[in-house]
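Just so it is clear, the values below take in all heavy atoms, side chains as well, and ignore hydrogens, waters and symmetry mates. Protein chains get the first letters and strands the later ones, always in sequence-line order, with residue 1 at the start of each.
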Amino acid sequence: MSELSTKYDPKIIENEIYGKWLAAGLFKADNTSKKHSYCIVIPPPNVTGVLHMGHALNNTLQDILIRWKRMQGFEALWVPGTDHAGIATQNVVEREIAKEGIKRHDLGRDKFLERVWTWKEDRGNTIIHQLKRLGSSCDWSRTRFTMDEGLSKAVKEVFLRLFNEGLIYKGDYIINWCPRCETALSDEEAEHRDMNGMLYYIKYPVKGREKRDKENEDYIVVATTRPETMLGDVAVAVNPKDPRYVSLKGETLILPILNRELKLIFDENVDPAFGTGALKVTPAHDPTDFELGIKHNLPNINVMNSDGTINEIGEDYEGLDRFEAREAIIEDLKERKLFIKSEAHAHAVGHCYRCHTVVEPRLSKQWFVRMKPLAKEAIEVVREGKIKFYPDRWTKVYLNWMENIRDWCISRQIWWGHRIPVWYCKDCLKFKNVRDIEVDKPGIPGVYAGEGTIKKCSSCGGNNIEQDPDVLDTWFSSWLWPISTLGWPEETDDLKTFYPTDALVTAQEIIFFWVARMIMSGLKFRNNIPFKDVYIHGTVRDATGTKMSKSLGNVIDPLEVIEEVGSDALRYSIISITSQGQDVFLSKEKFDIGRNFANKVWNASRYVFMNLKEENLGGGVDASELTLADKWIRAKFNSTVEKVTKSLESYRFNDAASILYDFIWHSYCDWYLEFSKLTASSKNTQKILLNVLMGSLKLLHPIMPFITEEIWQKIPAKKGEWIMLETWPVADEGLNDQKAMDGMEKLIKIITSIRNIRAFWNIPVKAEIEVLFDVKTEEDRALIEDNVVYIKQFGRCKVKEVKKALKRPEQSVAALVDEIRAYIPLGEMIDVEGEIKRISSKIEEMDKFVKSLDKKLSNKSFVEKAPQEIVEKEEDRKKNYENQIKNLRDNIEALK
RNA sequence: GGGCGAGUAACUCAGCUGGUUUAGAGUGCUUCCCUUACAAGGAAGAGGUCACAGGUUCGAAUCCUGUCUCGCCCACCA
């Protein structure tokens, strides 16, 4: 047989194999195939991204699924791609041009976008290349990008449909504003982090009473965490039931510093227990206050510019950054004796998920999608089980979010993205700045939403038309991913064949951003769920439990790991340590698991190849000549097939990995392969050796695609064939053999016991020992005699005698396997006392079990209520132990 | 404030519907072995009141309740 190289070198193998797969077009899926389809779509990584361990885990899981299904005979499609990551990419390019001393406004919109596209072409494919290195069997011919023509068309189509249905509107609301990116963010894009902030107590004087000295009557104390927003205060609110403030009803307050008059309003939503029970009302800078403002008909005063500096309303503070203004205002208040105190106050503060700047709640005109109507059906399909989450606990998280869904802010004040397809006639609408135009419903004269550029106003005939300057949230294109990558809105063959897709594999962080919205969009625009199963894997963390991130410098670079140990080892390791949905704690040593296993597989295959003769491999296995080990390994493999398949079906990937590890390493290599050395020339042995290896390689292929393919290609009979296109093994009931399983297990125990004795008595490796077996049954006698060569070889001993009621030889020690007694005469080497001690301690140990079983069996309730088979089992066990104890006692007698 | 997850061997973790588990694996540790597949290996071994307290049950690491510790997510108490 052809040979594998002595050393396993993943670097060479992996590059070569991947190239071969690509060249042969094996990843391409046929959309006219009559086979059942199986489809997954990649969670599109951000174009600015580089492969991190999260991706490695995510893509390995998906690749396992897709390779497994492909082998099961499905027409398997895995659609890859990237999203344009509006804010992140724009930030990257802005940073790049900043090095040349240019800002984006210097370049202008068109020129800047050209730069971004150039960047995308040059650098935006990094992650795609890296995914290939991992072995991902994506259909690269179908690679998509959210700004592609097709996907852009889908985005536009969806916007227009929703707009015309009145599900998209533009209006004034408090949104999360990132002063660094200078754009609005959705609620999900503002990450809340616990911060040790301050709560500041400030006096707001009561008008006309400033000169009085009486405490509590000449001012109200207000508590705030953001004093700078007081510049935009329009009222102070208290609870109507709060006795402290009842007497002040009808009074007017004076806003410190700016000296604006403020109403004192009474509202039940104010919590008397917080701070002083008095709330400063700043409708333009706080969501709660905004609601109050509407309810009490208060004006909105916006005091900040888009970059977070104070605007002209702030008078002397104009131009100061919000945090500088905070300090300055506090100083001024102190000077005016209007500042009372500050106290530590822990609270959650929103941060921009792209640049981590503290976001500012800010009143702003933005585009929104009404989500409640979309959520309805998305809730039903999950409730009815049409879409299932794995692990199931995420169902609740999803439903909870869905049921409390809020409108989605989809406009971003950046340039990189899908521009909002809305045009305004400035003449009809009489607005200087189109941002200020409110669009609360479709069909407003002078507001046009359309696919192509609109140049002329059909209302007034004028051409003073301007397109909305904003772009859409990146997720507004990502949420269409399952339909748009398959060709929607066109009725393509891909869409017909592969939609709905089967599984979505993703991380928990993205359930709201993406999973939930895809379900809504699929139902809305395709009238069907986008996928059936959602597998949520854990977050990859470092050994201390911190999420791996570049800025923290605690990353383990998957590509470095691949360099060192290979992609197969990386894949195996990460899968084996990821139990369903649990977070993954990584450290470099963990990759040894996969490295060692790959090495084992390689060397075992090498051994098999070395011992095979091609002329022995023709025809089937001769069933009449099967050894115990043959039957055993075949039965064991059979159950492995079953278990691995079951594990994959239930998304228990780590189970699949460890079942294979255990079978290949501990059953196949440790025992079968060792046994085979004694019958290496037998045709049967060679055939079974190869058959089981081939089956194992197939089962292992989804997890370790490269090494399995490489070995497969070296099997002469498989020359020119691909393991990745092989058929997934199916369990064959005819191979199950309980008797062989039990027999082999006993044999293994016998050999182990003999080795054990050798080690225990410190018998030199080269010293020969003899074993005599005392058996109780004919079966046991046959078992030993039939397999005596193995006992000799692996127990490193001579088998002198096997018979019933054998008398214990003098000066011997005993090993016990069930009812079999093995005696090893050691002559002068043993001290009788020591052996008696050893046996006695064993008796004690067993006595404990007998006693506990006794207790159990004498318990009437147990005997009556427990299933019959369990009672019987326990009885058998007890008998067994009692027998063993009896044997051991006899042995002590014999030694004396 | 709500929700979720975790606490099992020195370390990192499995253990799915309670009984074939006398609680497993990998790493580490001890002893022996470079035996022609593999020292990235082989053989043998030590090591655990399954966080704590109750409860359900004939039977609990597993189910229920509570407590403690850690981690995460959600939430407009300024």
| message | Whole angstroms only, please: what is the CD1-C1' distance between A/Ile659 and B/rG24? | response | 13 Å
| Just checking A/Lys855: base, sugar-phosphate only, or nothing, at a heavy-atom cut-off of under 4.0 Å? | nothing
| So, is A/Ser579 near the phosphate of B/rC13, with a side-chain N or O under 4.0 Å from OP1 or OP2? | no
| field | Rounded distance (nearest 0.5 Å) linking atom CG of A/Asp568 with atom CG of A/Asn599 | value | 12.5 Å
| Contact under 4.0 Å: A/His345 side-chain N or O vs B/rA78 OP1/OP2 | yes
| task | Compare the minimum distances between each of B/rC72, B/rC76, B/rG41 and the side chain of A/Thr288, then state the nucleotide with the smallest one. | result | B/rC76
| message | Check the phosphate of B/rG41 against A/Asn596, side-chain N and O only, distance under 4.0 Å to OP1 or OP2. Yes or no? | response | yes
| message | So A/Tyr668, base contact, sugar-phosphate only, or nothing? Heavy-atom distance under 4.0 Å. | response | nothing
| task | Measure from the side-chain heavy atoms of A/Asp271 and tell me the nearest of B/rC32, B/rA14, B/rA78. | result | B/rA78
| request: Respond yes when some side-chain nitrogen or oxygen of A/Arg652 is under 4.0 Å from OP1 or OP2 of B/rA14, and no when none is. | output: no
| Which part of the nucleic acid, if any, lies within reach of A/Ala348 when heavy atoms closer than 4.0 Å are counted: base, sugar-phosphate only, or nothing? | base
| query | With a 4.0 Å cut-off on heavy atoms, is A/Arg595 in touch with a base, just the backbone sugar-phosphate, or nothing at all? | reply | base
| query | Rounding to a whole Å, what distance do you find between A/Asn762:CG and B/rA43:C1'? | reply | 14 Å
| What is the base-pairing partner of B/rC63, counting Watson-Crick and G-U wobble geometry with both distances under 3.5 Å? | B/rG55
| Under 4.0 angstrom, heavy atoms only, what part of the nucleic acid is A/Asp670 near: base, sugar-phosphate, or nothing? | sugar-phosphate
| Candidate nucleotides B/rA75, B/rC58, B/rC38, ranked by approach to the side chain of A/His192 - the nearest | B/rA75
| query | Partner of B/rU35 by Watson-Crick or G-U wobble geometry, both contacts under 3.5 Å, or none? | reply | none
| task | Report the nucleotide, chosen from B/rA14, B/rC38, B/rC77, that has the shortest atom-to-atom distance to any side-chain atom of A/Asn654. | result | B/rA14
| Quick one: A/Asn599 CG to B/rA40 P, roughly how many Å, whole number? | 8 Å
| Between A/Trp602 and A/Tyr8, ring centroids under 6.0 Å | yes
| said: Could you check whether A/Glu189 and A/Tyr353, counting side-chain N and O atoms only, form a donor-acceptor pair closer than 3.5 Å? | reply: yes
| task | Quick one: label A/Lys396 by what it contacts on the DNA or RNA (base, sugar-phosphate, nothing), any heavy atom closer than 4.0 Å. | result | sugar-phosphate
| task | Compare side-chain N and O positions of A/Ser658 against OP1 and OP2 of B/rA14 and report whether any pair is under 4.0 Å apart. | result | no
| query | Is the phosphate of B/rA40, meaning OP1 or OP2, less than 4.0 Å from a side-chain N or O of A/Lys7? | reply | no
| field | OP1 or OP2 of B/rG24 under 4.0 Å from side-chain N/O of A/His666 | value | no
| query | Is the shortest side-chain N/O distance from A/Asn400 to OP1 or OP2 of B/rC74 below 4.0 Å? | reply | no
| Heavy atoms under 4.0 Å, any strand shown: does A/Phe290 hit a base, just sugar-phosphate, or nothing? | nothing
| G-U wobble or Watson-Crick pairing nucleotide for B/rG7 (cut-off 3.5 Å, both distances) | B/rC68
| task | Please tell me which of the listed nucleotides, B/rC77, B/rA37, B/rC58, lies nearest to the side chain of A/Lys865? | result | B/rC58
| Below 6.0 angstrom between ring centroids: does that apply to A/Tyr661 and A/Trp665? | yes
| task | Compute whether any side-chain donor of one residue and acceptor of the other, for A/Tyr201 and A/Glu343, lie under 3.5 angstrom apart. | result | yes
| Touch class at under 4.0 angstrom, heavy-atom based, for A/Phe760 against every strand present | nothing
| remark: Rounded to the nearest 0.5 Å, the CE atom of A/Met694 sits from the CD1 atom of A/Ile711 at a distance of 12.0 Å
| remark: Closest to the 5' end of RNA chain B, once A/Trp665 and A/Tyr661 are matched to their nearest nucleotides, is A/Tyr661
| said: To check you understand the geometry: which heavy-atom pair defines the closest contact between A/Pro227 and A/Tyr200, and what is its length? | reply: CG-CD1, 3.4 Å
| query | At under 4.0 Å between heavy atoms, what does A/Asn756 touch on the DNA or RNA strands: base, sugar-phosphate, or nothing? | reply | sugar-phosphate
| query | Judged by modelled atom types alone, do A/His296 and A/Asp267 share a side-chain donor-acceptor pair under 3.5 Å? | reply | yes
| query | Heavy atoms under 4.0 Å, any strand shown: does A/Glu674 hit a base, just sugar-phosphate, or nothing? | reply | base
| message | Any side-chain N or O of A/Lys280 below 4.0 angstrom from OP1/OP2 of B/rC77? | response | no
| Polar contact flag, side-chain donor to acceptor under 3.5 angstrom, A/Asn239-A/Asp271 | no
| Which is true for A/Lys590 with a 4.0 Å heavy-atom rule: it touches a base, it touches only sugar-phosphate, or it touches nothing? | sugar-phosphate
| Nearest to the side chain of A/Cys669 - B/rA37, B/rC76, B/rA43? | B/rA37
| said: Starting the side chain at C-beta, find the nucleotide from B/rA78, B/rA37, B/rA75 nearest to A/Lys677. | reply: B/rA37
| Just how far, in rounded Å, is P of B/rC72 from NE2 of A/His537? | 17 Å
| task | When you get a sec, tell me which of B/rG41, B/rA78, B/rG5 is the closest nucleotide to the side chain of A/Arg393? | result | B/rG5
| said: Over all strands shown, is A/Thr752 touching base, sugar-phosphate only, or nothing at heavy-atom distances under 4.0 angstrom? | reply: sugar-phosphate
| Candidates B/rG19, B/rC33, B/rA78 - which lies nearest the side chain of A/Pro867 | B/rG19
| said: Under 4.0 Å, heavy atoms only, any strand: does A/Leu199 hit a base, just the sugar-phosphate, or nothing? | reply: nothing
| remark: When A/Arg796 and A/Arg226 are each assigned the nearest nucleotide of RNA chain B, the 5'-most assignment goes to A/Arg796
| message | Does A/Leu279 reach a base, just sugar-phosphate, or nothing at all? Heavy atoms under 4.0 Å. | response | base
